[in-house]
Amino acid sequence: MSENIKVSEVSEILQQQLAGIDTQVQLDEVGTVLQVSDGVVRIYGLRNAEANELLEFDNGIKAVVMNLEEDNVGAVLLGPTDQIKEGFTVKRTKRIASIKVGESMLGRVIDPLGDPLDGKGAIDSSNLFEMPL
Amino acid sequence: MDVGVLSMRYAKALIGYAVDNHVEDQIYEVCKHLGASFRQERRLRSVLDNPILTIDDKLKLIKAAADSKGEPCEEFIRFVRLVLKRHREGYLEFISLMYLDLYREKKHIGVAKLITAVPVGAAVEEKIRNVSQRALHAKGMELEALVDAEIEGGFIFDVNDYRLDASIATQLKRIKQQFIEKNRRIV
């Protein structure tokens, strides 16, 4: 197997993969986790967060804003609670939690945000429409 | 539970009381220290919520958490007694954070944090402080410079509620995430 792999092919594939990668520095609105319990997280800051907006932690776990208060928001975690600790930083994604639906979703295994988990590649999004969660 | 509403009312009352008694600066320092204590010792909130402890025990705890140099000012102690009397000690962390926000808004003070992989010199810190103060039209700027080798390189700059993340570690994470999304495979 290793005899058939050429270095030039590997570097070509890598270049293709790296083409179009977005590395621009972004200015994000962030908050700090104050309290975590039972799948619900209370975040200090995020004054401009919107209801049902998706938030993202540094480790990639997402949460959905459920409760908006003057200087803190309550959000429901879309991942394991034990991986989120008090003091973690969380940023706004400025996307409302929604899921794409359509014919091409039939027979696919997806996570709560509609991303495929079955290893069959990306879902054809040409005929999909967004439905809020 | 309206944590925000409740905490804001107490915080507004505290700042009003502090301004009337000309101790708003002292209470600002006390609240900063109290907030840091809550962050460093996460069990503090649950201990304050414990109904077995008496009000006096909780007051001693809060005094110790609020000031390392000695007793906080009398006005703050009176406020804490009121909070304890009303059984709102579970909200004390939120109240102190809101007080800090209200104070900074009143005094036009900006807050920034610079995280780098290696220490930056005092001249660079001063330059960043001045630039961010001008950009925010603030009368004062609190800049905290931290060193965190885990960011690998670059910097992270937090100013008020915004973050400019130009660290190498975050860029690598984003590249990895984009690889995964492109291929839908864990690499």
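Only this structure's heavy atoms are used, side chains among them; waters, hydrogens and symmetry mates stay out. Proteins get letters first, then strands, A, B, ... in listed order; numbering begins at 1 in each.
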Within the supplied structure, the quantity of interest is the number of heavy atoms (other residues, nucleotides, ligands) at a distance under 6.0 Å from [X] [atom1]; does it exceed 12?
X	atom1	value
B/I52	CD1	no
B/R9	CZ	no
B/R86	CZ	no
B/K107	NZ	yes
B/E74	CD	yes

[X] with [Y], same ILVMFWY side-chain cluster at under 4.5 Å:
X	Y	result
B/I15	B/L92	yes
A/L68	B/L6	no
B/V30	B/L59	yes
B/V159	A/V90	no
B/V111	B/Y103	no

Using non-hydrogen atoms only, which part of [X] is less than 4.5 Å away from chain B: side chain, backbone, both, or neither?
X	result
A/D28	both
A/E29	both
A/T89	side chain

> Under a 4.5 Å heavy-atom cut-off, does chain A meet the side chain of B/R174, its backbone, both or neither?
Replying inline: side chain
> Considering only heavy atoms, which portion of B/M8 lies under 4.5 Å from any heavy atom of chain A: side chain, backbone, both, or neither?
Replying inline: side chain
>> Could you report the tightest heavy-atom contact between A/E69 and B/V5, atom names first, then the distance?
In response: OE1-N, 3.9 Å
> Are any of the side-chain heavy atoms of A/Y44 and B/L97 separated by less than 4.5 Å?
Replying inline: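 Side chain of A/Y44 against side chain of B/L97, heavy atoms only: contact under 4.5 Å found.
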> Among B/R45, B/Q171, B/R39, who wins on heavy-atom pairs under 4.5 Å with chain A?
Replying inline: B/R45
> Charged N to carboxylate O under 4.0 angstrom, A/R47 versus B/D101?
Replying inline: yes
Rounded to the nearest 0.5 Å, what separation is found between the [atom1] atom of [X] and the [atom2] atom of [Y]?
X	Y	atom1	atom2	answer
B/F38	A/E86	CZ	CD	11.5 Å
B/F157	A/L27	CZ	CG	10.5 Å
B/L164	A/Q26	CG	CD	10.0 Å

> By number, which residues in residues 33-40 of chain A have some heavy atom less than 4.5 Å away from chain B?
Replying inline: A/L34, A/Q35
> Heavy atoms under 4.5 Å from chain B: which residues of residues 53-61 of chain A carry them?
Replying inline: A/D58
